[in-house]
Protein chains: 2
Amino acid sequence: MSDPHDVLFAHFDRYLALDDGERKALKERSHVRRLKKRGFLLQEGEVCRSYAFVVEGCLRMYELDAKGVEHNLQFAQENEWIVDIGSFHAEKPSSLFIEALEPSTVVCIEHADLLHLYTEHPKFDRNFRVIIEDQFVELQQRMLRRNASSAEQRYAHFVEQHPSLAARVPNVHIASYLGVTPEFLSRLRAKTSKGS
Amino acid sequence: MSDPHDVLFAHFDRYLALDDGERKALKERSHVRRLKKRGFLLQEGEVCRSYAFVVEGCLRMYELDAKGVEHNLQFAQENEWIVDIGSFHAEKPSSLFIEALEPSTVVCIEHADLLHLYTEHPKFDRNFRVIIEDQFVELQQRMLRRNASSAEQRYAHFVEQHPSLAARVPNVHIASYLGVTPEFLSRLRAKTSKGS
DNA sequence: CTGATCCCTTGATCTGGATCAAGGTCATTT
DNA sequence: AAATGACCTTGATCCAGATCAAGGGATCAG
């Protein structure tokens, strides 16, 4: 198995690649954390302390509503970031949970450390800007689909765009992410598998 | 009336304020554009050339679906930014429209100019990162509400959080933004105004 | 091995919100 | 001043998806 930090460095190669000094700083300013299945990286009421990069495994971020129903906001698997940015930057209590759906390994950067990286190495400002711009675009498209497409279309799109998530994540969670009940998603699946 | 660029400079004071050199560069690398009511800043099929800051007026960004129905993705009024970031950065045709709902004044930064600002003045990387992080957090919360709340709750929240938009934007557009039909929004309004 | 817990499915029924249709009020244009 | 069009409302009906209820197959801990 490769060093978690190497996976992270390789991830940055997709943007502006880090030089040795930046890699060293990033390594010093982050730490590896391992979570077992159903372990929490963040729970409601806590401040989100870690900007987390998933090296291995799969996590979800969700909210618990007044009726006790969970609403999945985001999944993150290998080479993806997960954090409650609002809570992280403001250092205020989060209303979200981040939970490992499988045994997972993440690289965590804490608030003070990220600020340090930003000011010492402007390339991080650049790279994190681009990373979040990409996430923003995806979220906008998801919002549009939520308003413009039927549950059936949204599910088909999800399976097409995220086949690995569709395979590794329980359908209950996909249903919640898409904004439908698990029962209804089950019916959709029954219908479309019959059709093929 | 104050100079549109001064409004933009004042906007940046809320983040890391610009120094004289940065202000000069920003002024040189941007231009003011005035739109009449129903004028377009972007139309489907075009590349989104401008990262636009609203000095005065109000615009909306929307998609037109296969059935010819519009879906509002975002509003922008004074001191807010509007752009199809995906199209802007990739310089690829957009599937969105940006239309002025009122006579409006915007400051536009084109792609090459923004890249120039980013590389010459790293503070822009920082400021635009923070700006989009804030937008991202808002959009996440909107996504959660879309999945967790009823149309009635979403409308009440919209009016509470965006009273000025609720006052200046036609209800048809608010309905589309919230993901309901104008007819249904009208019924919600009738019900809640009776209740008070 | 054995309960307990997930997770998925299927049936019956209900409802939030959509659709279709019509009419009314303003504001803008000619 | 008529006419067009944008915007809002209200009624009647319909449907996508929710809710409630039950059962069944994995998987996992003790």
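Below, read A as the first sequence line, B as the second, and so on, with proteins coming before strands; counting in each chain starts at 1. All values below were derived from every heavy atom in this structure, side-chain atoms included, with hydrogens, water molecules and symmetry-related copies excluded. Treat the numbers as computed from the prediction; the structure is a model and nothing was measured.
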Between [X] and [Y], is there a donor-acceptor pair closer than 3.5 Å when you use the side chain of the first and the backbone of the second?
X	Y	answer
B/Ser104	B/Leu35	no
A/Gln161	A/Phe158	no
B/Glu110	B/His31	no

Would you say the ring centers of A/Phe128 and A/Tyr51 fall short of 6.0 Å from each other?
yes

Atom CG of A/Asp84 and atom CD of A/Glu63: how far apart are they, to the nearest 0.5 Å?
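So the CG of A/Asp84 and the CD of A/Glu63 are separated by 10.0 Å.
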
Rounded to the nearest 0.5 Å, the CG atom of A/Leu64 sits from the CD atom of A/Gln43 at a distance of 11.0 Å

Could you list the residues that satisfy ring-ring contact (aromatic ring centres under 6.0 Å, His included) with B/Phe136, not counting sequence neighbours?
none

Protein-nucleotide distance ([X], atom [atom1]; [N], atom [atom2]), rounded to Å:
X	N	atom1	atom2	value
A/Lys191	D/dC15	NZ	P	14 Å
A/Asp65	D/dA18	CG	C1'	14 Å
B/Arg60	D/dC7	CZ	C1'	13 Å

One pair to check against salt bridge (Lys or Arg N to Asp or Glu O under 4.0 Å): B/Arg129 and B/Glu133. What are the steps and the verdict?
CA-CA 6 Å; B/Arg129 174 178 62 71; B/Glu133 281 174 350; 3.0 Å; yes

Are [X] and [Y] grouped together when hydrophobic residues (ILVMFWY) are joined by side-chain heavy atoms under 4.5 angstrom apart?
X	Y	result
A/Tyr62	A/Leu185	no
B/Val172	B/Val180	no
A/Ile132	A/Val130	yes

Pair [X] + [Y]: basic N to acidic O under 4.0 Å:
X	Y	answer
A/Arg60	A/Glu99	yes
B/Lys27	B/Asp20	no
A/Arg14	A/Asp134	no

Divergence of helical axes at both termini of the helix from C/dC1-D/dG30 to C/dT30-D/dA1 - five pairs an end, 10° steps
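Answer for the end axes of this duplex: 50°.
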
Run through A/Leu114, A/Ile109, A/Val47 and flag the one making a side chain to side chain contact (heavy atoms under 4.5 Å, CB included) with A/Phe88.
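Output: one option passes, namely A/Leu114.
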
At under 4.0 Å between heavy atoms, how does the protein contact nucleotides 24-30 of chain D? Give one character per nucleotide, 5' to 3', with B, S or -.
-------

Please work out which residues in residues 143-158 of chain B have a non-hydrogen atom less than 4.0 Å from an atom of DNA chain D and list them by number.
none

Output the residues of residues 165-175 of chain B in contact with DNA chain D, where contact means a heavy atom of the residue under 4.0 Å from an atom of the strand; sort by number or write none.
B/Pro170, B/Asn171, B/Val172

Would you list the protein and nucleotides 18-20 of chain C atom pairs, both N or O, that sit under 3.5 Å from each other?
residue : atom : partner  : partner atom : Å
C/dA18  : OP1  : B/Thr181 : N            : 3.4
C/dA18  : OP2  : B/Thr181 : N            : 3.2
C/dA18  : OP2  : B/Thr181 : OG1          : 3.0
C/dT19  : O4   : B/Arg187 : NH2          : 3.2

